[in-house]
Amino acid sequence: MAEKDKRTYVRVHDGLPDHPKIIDAGGEAGWLYVCGLAYASRQLTDGVLPRRLVLRLTDGSNPEASASALVRVGLWHEGEHGCPSCPQVGPDAFVIHDYLEHQRSSAEVADLRTKRAAAGQRGGKRSGESRRASSEAEANREASASAKAKQARSKNEPETETETEVKEKTSRTPAESSDDPPRHDVERACKHLATVIENGGDKRPRISGKWRTDMRRLIDIDGVTADQAITAIDWAHANDFWNAHILTPAKLREKYPTLRRQATAERNRGSTAGPQTPSRDLTDEEIENASHFG
């Protein structure tokens with residue numbers, strides 16, 4: 001999703017090029033007038049232009065002559081002037097005539113930015129709540145389906161350990177003991193997932209023993225490196241669909257083959273748009289890891 005345009009704009013009516021004052025002042029002076037409007041809006045000066053900057057506002061052949069022409073036709077004032085509707089600012093500046101009648105004041109721009117920031121915070125909170133609700137609903141559906149499947153197996157066939165279950169039980173290492181410090185690669189991948197979730201607007205999850213066990217199994221049993229796991233996390237949380245689903249190492253482990261296939265297909269297509277396109281630019285490190293992830 002493209003980021004909203006946060007720039008400010010100046011109001012210039014479509015008859016400006018034909019205005020008698022612009023015609024009288026000349027083309028270069030008219031362009032200096034527009035550049036002065038842009039400077040005052042950008043710097044929030046309420047129409048005041050320092051004299052020392054006039055030479056740098058445009059690349060005209062004689063900016064000082066253009067400034068004098070604007071003063072002569074009444075589009076600009078000297079700092080000390082007789083116009084009752086414009087502020088007095090002293091000899092070191094010019095004043096754009098009736099600037100605040102047509103452009104936003106510095107106070108209005110500040111108020112607009114505050115409102116936009118507040119709206120962005122509300123939107124981020126709603127997005128986080130939506131992802132949590134979606135994740136909880138999916139977890140409930142999966143738990144219900146798992147319970148029904150276990151009941152069906154208990155009625156129709158004896159319980160036996162699968163090859164994966166045996167492998168997972170026998171692959172436990174001393175790092176799972178609460179008396180030993182967690183492994184560096186497991187801890188790094190777990191902390192990265194927690195940080196990505198927090199940056200998405202949700203409360204930072206606690207890295208539990210189950211988190212570390214599931215991440216260790218992804219690395220040791222499934223053969224996924226910590227760098228590949230981190231790249232898969234970043235890819236999923238830049239995706240409008242997957243960012244609401246990859247919220248635990250267990251879910252990352254379950255969906256990793258699907259994430260890898262989708263990332264490979266997306267890269268092969270050379271797609272630069274669409275629902276699976278990340279909403280931000282990848283870092284150099286992520287681009288390097290992506291070739292291993294896909």
Residues R204, T195; criterion side chain to side chain donor-acceptor pair (under 3.5 Å); working and verdict: CA-CA 7 Å; R204 184 179 182 88; T195 298; 3.0 Å; yes

So, do W211 and L193 sit near enough that their side-chain heavy atoms are less than 4.5 Å apart? yes

Min side-chain heavy-atom separation C86-H81 under 4.5 Å: yes

Parallel, tilted or perpendicular: which describes the rings of W242 and H245, with under 30° parallel and over 60° perpendicular? perpendicular

With E254, which residues qualify under side-chain contact (heavy atoms from CB on, under 4.5 Å), at least two apart? E142, K251

Close side-chain approach of L32 to V54, heavy-atom, < 4.5 Å: yes

Contact between L259 and L252 at the side-chain level, heavy atoms closer than 4.5 Å - yes or no? yes

With a sphere of 6.0 Å drawn around CZ of R52, does it hold more than 12 non-hydrogen atoms of other residues, nucleotides or ligands? no

Is the shortest heavy-atom distance from the side chain of I219 to the side chain of R183 under 4.5 Å? yes

Note, L49 side chain near V95 side chain (heavy atom, < 4.5 Å): no

Does the side chain of D234 reach to within under 4.5 Å of the side chain of H192, using non-hydrogen atoms? yes

With a 3.5 Å cut-off and no angle check, do the side chains of E28 and T58 form a donor-acceptor pair? no

Shared hydrophobic cluster, I23 / W76 (ILVMFWY, side-chain heavy atoms < 4.5 Å): no

Evaluate the side-chain proximity of P87 to Y99: yes if any heavy-atom separation is below 4.5 Å, no if none is. no

Return yes if some donor-acceptor pair links the side-chain N/O of D98 with the main-chain N/O of E101 below 3.5 Å, else return no. no

Using the rule that two of Ile, Leu, Val, Met, Phe, Trp, Tyr join whenever any of their side-chain heavy atoms come within less than 4.5 Å, decide whether L70 and V12 are in one cluster. yes

If you draw a 6.0 Å radius around CD in Q43, do more than 12 non-hydrogen atoms from other residues or ligands fall strictly inside? yes

